[in-house]
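Predicted model, so just to flag it, every value in this text is computed and none were measured.
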Amino acid sequence: MASNTDRVKSLRAVRQMHRVRTFYAGGVLLWAVLTAFTTWQSPGSRPMWVSALLLAVFSGLLLTASLWLQRLQATGERRPAHHAAPRQTTATRHAHA
């Protein structure tokens with residue numbers, strides 16, 4: 001059974017991976033626009049290839065972050081939501097005489 005600190009670390013890791021994935025998605029979007037613009041302005045130039053390389057790098061980072069986030073969320077779902085006692089009605093108990 002996992003301890004509470006492991007659960008908190010897992011939640012922090014998931015939140016951090018959401019932020020990282022958002023950052024990489026922004027990078028992919030930015031470099032896609034810049035690559036398209038540079039290709040339109042001067043196709044085959046060095047800046048176009050650098051933009052394409054950076055687009056590939058951010059795409060790879062986005063893919064990696066998405067896979068890690070998916071793996072973190074999959075391991076978190078196997079744990080119970082809480083450790084409370086089940087809510088069952090019990091029969092009234094009588095003291096033995």
Side-chain angles (χ1 to χ4, degrees):
M1 182 155 67
S3 68
N4 286 339
T5 57
D6 289 342
R7 178 82 174 143
V8 171
K9 287 180 184 177
S10 177
L11 290 175
R12 287 180 186 165
V14 168
R15 273 187 268 143
Q16 184 66 29
M17 287 306 295
H18 275 292
R19 290 185 198 119
V20 167
R21 189 178 65 171
T22 303
F23 177 77
Y24 290 153
V28 167
L29 181 64
L30 173 72
W31 288 112
V33 169
L34 289 176
T35 301
F37 180 74
T38 308
T39 302
W40 182 64
Q41 289 290 325
S42 53
S45 66
R46 181 175 289 188
M48 185 209 73
W49 290 112
V50 170
S51 292
L53 175 69
L54 288 171
L55 176 62
V57 167
F58 271 93
S59 297
L61 290 171
L62 178 63
L63 176 67
T64 303
S66 296
L67 291 175
W68 283 354
L69 182 61
Q70 185 179 19
R71 186 177 296 168
L72 278 173
Q73 288 177 337
T75 58
E77 290 174 357
R78 288 188 231 147
R79 296 181 183 154
H82 56 80
H83 299 285
R87 296 179 186 212
Q88 297 175 352
T89 58
T90 57
T92 57
R93 296 182 184 176
H94 298 285
H96 292 279

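Considering only residues two or more places apart in sequence or on other chains, Ser42 meets the side-chain hydrogen bond (donor to acceptor under 3.5 Å, both in side chains) condition with Ser45.
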Tell me which donor-acceptor pairs under 3.5 Å the side chains of residues 18-32 have, and how far apart each pair is, sequence neighbours excluded?
from, atom 1, to, atom 2, distance (Å)
His18, NE2, Gln73, NE2, 3.4
Arg19, NH1, Gln16, OE1, 3.2
Thr22, OG1, His18, O, 2.8

Indicate every side-chain donor-acceptor pair of residues 52-65 with a distance under 3.5 Å to a residue at least two apart or in another chain.
from, atom 1, to, atom 2, distance (Å)
Ser59, OG, Leu55, O, 2.8
Thr64, OG1, Gly60, O, 2.9

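Other residues, nucleotides and ligands contribute more than 12 heavy atoms inside 6.0 Å of the CD atom of Gln41.
Once rounded to the nearest 0.5 Å, the distance linking CH2 of Trp40 with OG1 of Thr35 reads 15.5 Å. To the nearest 0.5 Å, atoms CZ (Arg15) and OG (Ser10) are separated by 10.0 Å.
In plain terms, the two heavy atoms of Thr38 and Pro47 that are nearest each other are CG2-C, 3.7 Å.
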